Amino acid sequence: MDRESTFEEDASIARAVAGDTAAFASLVRRHQARVFGFILRMTGMRDEAMDLTQDTFMKAWQALPGWRPDARFGTWLLQIARNAALDALRRRQSVQFAPLDDALPVADLRPGPEEAFAEGQRRARLEAALARLPDEQREILLLREIEGLSYGELSEVLGVQEGTVKSRLARARAALSERLRRTAGEGR
């Protein structure tokens, strides 16, 4: 986020903390796609992700007076979204991984049919491998690799020390790599 965007967001947050619903609505518009995408990838169910995204912003609005300005607003929202997604997963006692949404903006590089097929195969193997990871491992990979959270932000969102974040991330990457290696061997 550039300085101007950061300044605008900080101003919106300050107005929202003071009770300005229009300012909070602008924060929702700014962050809703990221929150929705994260929840969708965690839960695998579009309708549920829509409901949980709405719940996330409702909880954020209610908790906004207690928000600490030293925490990044986006990280704080992802922490609320994470808790909502984990609660939903616990309630249903099963874990599914949603395929990456094809509607996400991606650079159009126009691969040939062979490349497109190979890429589809790689994506399917990645999604299948991610789906078989335990919640904790899939969650940390999504937050780091898809959402781009730093180790410090991961520590804050997950409520663990930075060293724990690093070791969990290393184990998750190793587990994913092993699953990908096994599925690549199965495809031959």
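Note that the structure is predicted; figures quoted are calculated from it, not measured. Computed over heavy atoms, backbone and side chain alike; hydrogens, waters and symmetry mates excluded.
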**Student:** Please assess L176 against L126 for the test side-chain contact (heavy atoms from CB on, under 4.5 Å), listing each intermediate value before the final yes or no.
**Tutor:** CA-CA 8 Å; L176 180 62; L126 176 60; 3.9 Å; yes

**Student:** Checking side-chain contact (heavy atoms from CB on, under 4.5 Å) for the pair L169/Y151: CA distance, chi angles, key distance, verdict?
**Tutor:** CA-CA 9 Å; L169 191 56; Y151 292 127; 3.6 Å; yes

**Student:** R138 and side chain to side chain contact (heavy atoms under 4.5 Å, CB included): which single residue from D135, L141, I140 fits?
**Tutor:** D135

**Student:** Can you tell me how far apart CD1 (I39) and CD (E48) are? Round to the nearest 0.5 Å.
**Tutor:** 9.5 Å

**Student:** If you take all heavy atoms of L149 and L78, which pair is closest and at what distance?
**Tutor:** CD1-CD1, 3.4 Å

**Student:** Roughly how far, to the nearest 0.5 Å, is the CD atom of Q32 from the OG1 atom of T53?
**Tutor:** 8.5 Å

**Student:** Could you measure the distance from the CD atom of E156 to the CH2 atom of W76? Nearest 0.5 Å is fine.
**Tutor:** 11.0 Å

**Student:** For side-chain contact (heavy atoms from CB on, under 4.5 Å), just list the numbers for R91 and D87, CA-CA rounded to whole Å, side-chain angles, deciding distance to a tenth of an Å, and then say yes or no.
**Tutor:** CA-CA 6 Å; R91 278 192 303 273; D87 288 345; 3.7 Å; yes

**Student:** Might you point out which heavy atoms bring A175 and L133 nearest each other, and give the distance in Å?
**Tutor:** CB-CD2, 3.7 Å

**Student:** Search all heavy atoms of E162 against all heavy atoms of G152 and return the closest pair with its distance.
**Tutor:** OE1-CA, 3.7 Å

**Student:** How long is the gap from CG on L27 to CG on L64, to the nearest 0.5 Å?
**Tutor:** 8.0 Å

**Student:** At their closest point, which heavy atom of R171 faces which heavy atom of Q137, and how far apart are they?
**Tutor:** O-NE2, 3.9 Å

**Student:** Any non-hydrogen side-chain atom of R168 less than 4.5 Å from a side-chain atom of V160?
**Tutor:** yes

**Student:** Have a look at H31 and tell me which of F73, F24, F36 forms a ring pair (Phe, Tyr, Trp, His ring centres under 6.0 Å) with it.
**Tutor:** F73

**Student:** Give the C-alpha distance, both sets of side-chain angles, the deciding distance and a yes or no for side-chain contact (heavy atoms from CB on, under 4.5 Å) between R82 and E147.
**Tutor:** CA-CA 12 Å; R82 171 190 178 258; E147 299 302 328; over 6 Å; no

**Student:** Please find the pair of heavy atoms, one from S26 and one from S12, that lie closest to each other, and give the distance.
**Tutor:** OG-OG, 3.3 Å

**Student:** Rounded at 0.5 Å granularity, tell me how far CZ in R34 sits from CD1 in I146.
**Tutor:** 11.5 Å

**Student:** Tell me, do L130 and R179 make a side-chain contact under 4.5 Å, heavy atoms counted?
**Tutor:** no

**Student:** Where do L180 and A129 come nearest, in terms of heavy atoms and distance?
**Tutor:** CD2-CB, 3.8 Å

**Student:** Just verifying a value: how many Å separate E139 CD and L143 CG, rounded to the nearest 0.5 Å?
**Tutor:** 5.5 Å

